[in-house]
Amino acid sequence: MGKAGTTWGKGNLPADTTSFVGRKSDVSEVKQLLTRARLVTLTGVGGVGKTRLAVQTAAGLSRAFPDGVWLVELAGLQDPALVAHTVLEALGVHDETGRKPAAVLAEHLRDRRLLVILDNCEHVLDACATLAHDLLRAAPGLRLLATSRERLALAGEHLWPVSPLPLPEPGRPLPGGAWLRYPALTLFAERAAAVDPGFAVTAENQERVAQVCRLLAGIPLAIELAAVRLRVLTLAELESGLDDCFRLPGTVKRGGEPRHQTLLAAVDWSFALCSAAERRLWARTSVFAGGFDLPAAERVCAGEDVRAGLAGLVEKSVLIREAGRFRLLEPLRQFGRAKLAESGEAPEALRAMRDHYLELVVCGERAWFGPEQAEVFRRTRAEHANLRAALDYSLTVPGELETGLRFASTLWYYWAGCGVFGEGRHWLDRALALSPEPGASRAKALWVNGYVATLQGDNAGAIAMLEECRAYASQAGDDVALAYATHRLGCNLLVGDDVGDAKALFEEAQARYRQLGELNSNVMLAGIELAVASVFLGDLDRAGELCEEACATGDAHGEQWAQAYATFVQALVALGRGDFTRAAERGRHCLRVKRKFHDLLGIVLAIEVLAWNEAARGHWEPAATMLGSAQPIWQAVGFPMFGSRYFGAPHGECERTARQALGEGPFTAAFRRGREFGLEEAIAYALGDTSPAPAPGPSRVTPLTDREREVAVLIADGRSNQEIADKLVISRRTAEGHVNRILRKLGFDSRSQIAAWAAQVSRL
């Protein structure tokens with residue numbers, strides 16, 4: 001898969017919001033370990049600082065990885081089958097075909113040099129180990145840094161146990177100022193001063209601070225939770241309270257690692273100091289898989305003063321507040337889940353969480369046909385992790401499968417409308433497999449899944465589901481399901497070049513929709529797809545009328561997403577009439593709207609029609625560049641345009657005429673240049689927001705990365721691939737990958753051309 005199917009950058013590491021204390025030697029050692037090993041796993045108890053150490057180490061290595069350092073957060077994931085999906089999402093890789101996500105990742109990473117952090121692997125350990133094994137074999141430039149309470153158990157894995165922060169020995173008085181040599185005490189001092197600006201470690205209190213940190217075993221999370229208590233306690237009261245807590249019978253349970261038991265005791269002590277309302281809130285908000293907002297908390301914690309409770313937990317550093325959302329650190333979330341289970345309220349809280357997100361998506365489906373479409377997309381995307389948790393609940397708890405079917409199918413606007421085909425198929429396939437009995441909910445899931453399968457290019461799978469839906473609907477008198485199944489079968493015939501029958505099904509679906517009084521984005525698409533069929537049949541006037549009707553409906557209701565497809569067809573109509581100015585305006589309008597929804601199919605269709613329009617105007621280089629930028633997006637979508645005579649013919653004609661007009665070499669160079677664009681670069685270029693990257697030359701900015709420029713200089717020195725590999729301490733295969741990318745980016749055919757180019761650049 002090419003680069004344009006991604007939002008590739010230099011990484012996604014979060015910015016530090018607090019100082020990083022006492023791990024400089026650990027960072028240095030883990031960095032050194034990563035130069036020798038391709039898989040390093042940081043192990044240790046919860047709260048010891050594995051994630052912070054991993055992020056800090058990775059940040060310091062960013063220059064060594066030209067393709068970035070990336071954090072993949074797995075803590076909220078419950079379904080191991082979604083590990084590869086989650087990695088794709090974190091890396092910004094878009095592939096919504098029916099291919100396995102692990103295979104897509106392997107292909108994408110094969111020639112790249114990057115570092116990926118797999119954070120919190122322990123609850124999906126087998127899936128992480130399998131994926132790590134496959135990716136490391138496929139991508140020689142990949143390094144993995146995992147955090148887990150236990151090892152992945154792979155050959156070549158190097159472990160780095162993350163220890164608590166160093167502490168002064170008990171019974172040995174500290175000289176004045178000696179506390180500064182101990183990171184545990186430094187951390188306590190910093191966090192205490194943050195809540196009590198008058199606090200400072202002095203010669204008089206440093207021994208008491210040291211004893212507090214000893215009681216907490218030097219575990220950073222435990223120290224931070226204790227330090228914030230200085231807002232209401234004196235240092236002496238804090239020490240006494242902790243000492244009493246750890247002396248209570250039963251506080252530390254039998255079995256388990258002592259440090260883990262210490263953390264549990266410290267967190268339990270912090271929990272006990274919360275008010276009853278705060279304790280209940282802590283336990284119940286542990287059902288959220290990601291961050292959550294105030295309405296979600298109010299639904300799950302009904303009957304409490306939620307605002308006051310959230311504020312109290314933020315003050316106590318139990319909750320983190322970020323951009324209007326709240327989040328529990330993973331060890332505290334797990335502690336909360338245990339307390340929730342003990343209370344017997346877990347089923348009620350989990351169901352309330354699921355019901356909240358089901359209502360959110362039901363409202364989202366309704367609001368999708370209206371002016372709030374863009375906000376619906378933003379809100380749904382923000383809740384992706386919680387939607388996964390709610391779907392998983394619905395498909396695993398006895399008696400909830402019917403709701404699970406409704407939940408997965410109601411999200412059609414997110415799966416199909418916002419380019420989330422792959423995960424949509426995962427949930428819909430799973431729900432349908434678990435609920436084989438015919439019924440209205442299964443019927444909707446069938447046509448929604450058939451729709452998504454069509455977008456992925458899985459026509460056979462789509463037809464099987466849609467035919468089952470239509471057969472059930474005819475027998476059961478389910479006129480709504482019959483209309484949608486008929487409509488979506490028409491789409492399959494359209495991409496299969498059976499345009500006449502597709503037209504008939506679209507017209508039948510439209511009639512059924514009108515009879516039912518249905519009007520939404522899907523209904524609009526039936527008319528727009530009928531317009532596409534009309535274009536293919538040469539009836540541009542009918543296509544234009546249908547698009548005007550769709551645009552009028554969209555304007556009346558504030559609908560943008562489906563209407564943008566109508567503007568795509570309007571571009572086709574204008575192109576067919578030779579109105580190149582209108583074709584460009586309509587194509588760009590479609591692209592701008594589809595960009596807002598991250599609708600990959602709409603994006604690539606708009607880029608295609610803009611490329612065809614440029615070729616029709618004799619602008620051959622922009623046409624070739626746009627064709628190149630579209631190629632990897634098509635690979636990410638899976639929509640079978642190129643197997644369709646009607647969809648594929650304009651593309652083929654555009655490519656043929658541009659190649660003929662430019663000549664093989666210039667066409668190939670422009671096409672390759674477009675293929676190297678990132679997704680946003682491809683969109684910006686098609687919109688005319690940026691100039692094309694010029695053919696590389698000594699007077700122009702090079703498209704090569706820093707590492708590729710190094711390789712080019714070594715080629716100019718006459719070095720072989722093996723010598724380049726030895727010089728840069730990389731594998732020969734990686735060196736060969738660099739050479740091939742340089743040839744592709746520069747539009748060259750031989751190493752001698754690279755050498756000449758590098759020599760010219762060096763003389764500037």
Please check this pair: side chain of [X] against backbone of [Y], looking for a donor-acceptor N/O pair closer than 3.5 Å.
X: Tyr472; Y: Ala440; value: yes
X: Asn386; Y: Ala289; value: yes
X: Arg112; Y: His108; value: yes
X: Ser474; Y: Ala471; value: no
X: Glu559; Y: Thr553; value: no
X: Arg741; Y: Asp111; value: yes

Which value, rounded to the nearest 0.5 Å, describes the distance between [X] atom [atom1] and [Y] atom [atom2]?
X: Leu428; Y: Leu446; atom1: CG; atom2: CG; result: 9.5 Å
X: Arg470; Y: Arg488; atom1: CZ; atom2: CZ; result: 14.0 Å
X: Glu359; Y: Phe407; atom1: CD; atom2: CZ; result: 10.5 Å
X: Leu489; Y: Asp501; atom1: CG; atom2: CG; result: 11.0 Å
X: Cys491; Y: Leu505; atom1: SG; atom2: CG; result: 9.5 Å
X: Asp134; Y: Leu109; atom1: CG; atom2: CG; result: 12.0 Å

Around atom [atom1] of [X], are there more than 12 heavy atoms of other residues, nucleotides or ligands at under 6.0 Å?
X: Gln475; atom1: CD; answer: no
X: Gln660; atom1: CD; answer: no
X: Lys444; atom1: NZ; answer: yes

- [ ] Enumerate the residue pairs fulfilling ring pair (Phe, Tyr, Trp, His ring centres under 6.0 Å) with a member in residues 613-632, sequence neighbours excluded, ordered by first and then second residue.
- [x]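 Applying ring pair (Phe, Tyr, Trp, His ring centres under 6.0 Å) to every pair that reaches into residues 613-632, excluding sequence neighbours, yields nothing.
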Does [X] reach the side chain of [Y], with side-chain heavy atoms less than 4.5 Å apart?
X: Asn522; Y: Trp412; value: yes
X: Trp561; Y: Asp599; value: yes
X: Trp634; Y: Glu608; value: yes
X: Leu432; Y: Arg442; value: yes
X: Phe597; Y: Gln373; value: yes
X: His598; Y: His94; value: yes
X: Leu494; Y: Tyr646; value: no
X: Arg379; Y: Val376; value: yes

- [ ] Apply side-chain contact (heavy atoms from CB on, under 4.5 Å) to Arg645 and Val499, showing your working.
- [x] CA-CA 11 Å; Arg645 177 164 61 91; Val499 180; over 6 Å; no
Salt-bridge test for [X] and [Y]: reply yes if a basic N is under 4.0 Å from a carboxylate O, no otherwise.
X: Glu423; Y: Arg388; result: yes
X: Arg672; Y: Glu676; result: no
X: Arg378; Y: Glu372; result: no
X: Arg542; Y: Glu507; result: no
X: Glu402; Y: Arg406; result: no

Contact summary for [X] and [Y], nearest pair of heavy atoms:
X: Ala623; Y: Ala615; value: CB-N, 3.8 Å
X: Val569; Y: Val535; value: CG1-CG2, 4.0 Å
X: Val480; Y: Leu516; value: CA-CD1, 3.8 Å
X: Ser435; Y: Leu401; value: OG-CB, 3.6 Å
X: Ala473; Y: Leu482; value: CB-N, 3.5 Å
X: Leu88; Y: Pro101; value: CD1-CB, 3.6 Å

TODO: Identify whether NZ of Lys or CZ of Arg in Arg354 sits under 6.0 Å from the centre of the six-membered ring of Tyr393 and within 45° of that ring's axis.
DONE: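 The answer is no, since Arg354 fails at least one limit relative to Tyr393.
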Any side-chain donor paired with an acceptor under 3.5 Å for [X] and [Y]?
X: Arg425; Y: Gln456; value: yes
X: Ser394; Y: Glu400; value: no
X: Gln515; Y: Asp479; value: no

Open item on the list: Apply side-chain contact (heavy atoms from CB on, under 4.5 Å) to residues Arg381 and Tyr414 and explain how you reach the verdict.
Closed with: CA-CA 8 Å; Arg381 190 159 192 164; Tyr414 186 53; 4.0 Å; yes
Check: residues 577-591 side-chain donor-acceptor pairs under 3.5 Å, at least two apart:
unit_1 : atom_1 : unit_2 : atom_2 : d
Arg577 : NH2    : Asp541 : OD1    : 2.7
Asp579 : OD1    : Arg582 : N      : 3.2
Arg586 : NH1    : Gln570 : OE1    : 2.8

Open item on the list: Working note: Leu135 + Leu105, criterion side-chain contact (heavy atoms from CB on, under 4.5 Å); need CA distance, chi angles, decisive distance, verdict.
Closed with: CA-CA 7 Å; Leu135 295 183; Leu105 271 172; 3.7 Å; yes
TODO: Just say parallel, tilted or perpendicular for the rings of Phe647 and Phe536, cut-offs at 30° and 60°.
DONE: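 If you compare the ring of Phe647 with that of Phe536, the planes turn out perpendicular.
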Task: Glu529 vs Tyr565, side-chain hydrogen bond (donor to acceptor under 3.5 Å, both in side chains): CA-CA, chis, key distance, verdict - done: CA-CA 9 Å; Glu529 288 152 350; Tyr565 280 115; over 6 Å; no
- [ ] Among Leu605, Val609, Ile603, find the one that has a side-chain contact (heavy atoms from CB on, under 4.5 Å) with Ile607.
- [x]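 Only one of Leu605, Val609, Ile603 forms a side-chain contact (heavy atoms from CB on, under 4.5 Å) with Ile607, namely Ile603.
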Open item on the list: Less than 6.0 angstrom separating the ring centers of Tyr451 and His487, yes or no?
Closed with: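 That pair fails the under 6.0 Å test.
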Open item on the list: Could you check whether His557 and Phe369 have their ring centres less than 6.0 Å apart?
Closed with: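 Between His557 and Phe369, which both carry aromatic rings, the centre distance is below 6.0 Å.
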TODO: Check step by step if side-chain contact (heavy atoms from CB on, under 4.5 Å) holds for Phe671 and Thr625.
DONE: CA-CA 5 Å; Phe671 189 91; Thr625 303; over 6 Å; no
Open item on the list: Please enumerate all residues that pass ring pair (Phe, Tyr, Trp, His ring centres under 6.0 Å) together with Tyr413, with sequence neighbours excluded.
Closed with: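 Only Trp368 meet the ring pair (Phe, Tyr, Trp, His ring centres under 6.0 Å) criterion with Tyr413.
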